[in-house]
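Beneath this line is the structure, given in structure tokens, with notes to follow.
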Amino acid sequence: MQAAPPVRATAIPSFTDALRAVESLLMSGGQRTARRNAWTSVLEDRRRAKDRVEAQQVLDQAATLTS
């Protein structure tokens, strides 16, 4: 009986990896960096907005308790 040939496992690229591959083909490096920086800024703005809402809720609760 012969031994089975070794199985090679290759990872299936994620959707994000596929998009980045297409992006790298279509855009120059500078545009790619600018787009990523812009997206990072959007995510950071959303995080700060969420923090502001939570802080305002805490202040409103504190004001309700003291009055």
Side-chain angles (χ1 to χ4, degrees):
M1 183 173 200
Q2 291 182 329
V7 177
R8 291 185 181 210
T10 56
I12 298 173
S14 69
F15 184 70
T16 303
D17 292 338
L19 282 179
R20 286 193 181 179
V22 170
E23 179 186 49
S24 68
L25 291 172
L26 298 177
M27 303 176 96
S28 70
Q31 287 175 324
R32 194 170 41 242
T33 301
R35 184 178 299 255
R36 286 191 188 139
N37 288 344
W39 183 244
T40 300
S41 294
V42 167
L43 295 177
E44 185 63 21
D45 287 346
R46 288 178 181 175
R47 187 195 60 78
R48 280 194 300 265
K50 181 181 171 202
D51 289 346
R52 278 194 303 273
V53 168
E54 290 172 356
Q56 186 62 49
Q57 289 171 346
V58 169
L59 290 172
D60 291 344
Q61 288 174 352
T64 306
L65 293 175
T66 58
S67 51

Query raised in the report: Heavy atoms, side chains only, cut-off 4.5 Å: are R36 and R20 in contact?
Result: yes

Report summary line: So CD of Q31 and CZ of R35: to nearest 0.5 Å the spacing works out to 8.0 Å

Query raised in the report: Distance from L65 atom CG to D60 atom CG, nearest 0.5 Å?
Result: 11.0 Å

Query raised in the report: Would T40 and N37 count as a side chain to side chain donor-acceptor pair (under 3.5 Å) if you check the C-alpha gap in whole Å, the side-chain angles of each, and the deciding distance to 0.1 Å?
Result: CA-CA 5 Å; T40 300; N37 288 344; 5.3 Å; no

Query raised in the report: In this structure, are over 12 heavy atoms from other groups packed under 6.0 Å from L43 atom CG?
Result: yes

Query raised in the report: Distance from L19 atom CG to F15 atom CZ, nearest 0.5 Å?
Result: 4.0 Å

Query raised in the report: Looking at CZ of R47 and NZ of K50, how far apart are the two atoms once the value is rounded to the nearest 0.5 Å?
Result: 9.5 Å

Query raised in the report: Does D45 pair with R48 as a salt bridge, N-O distance under 4.0 Å?
Result: yes

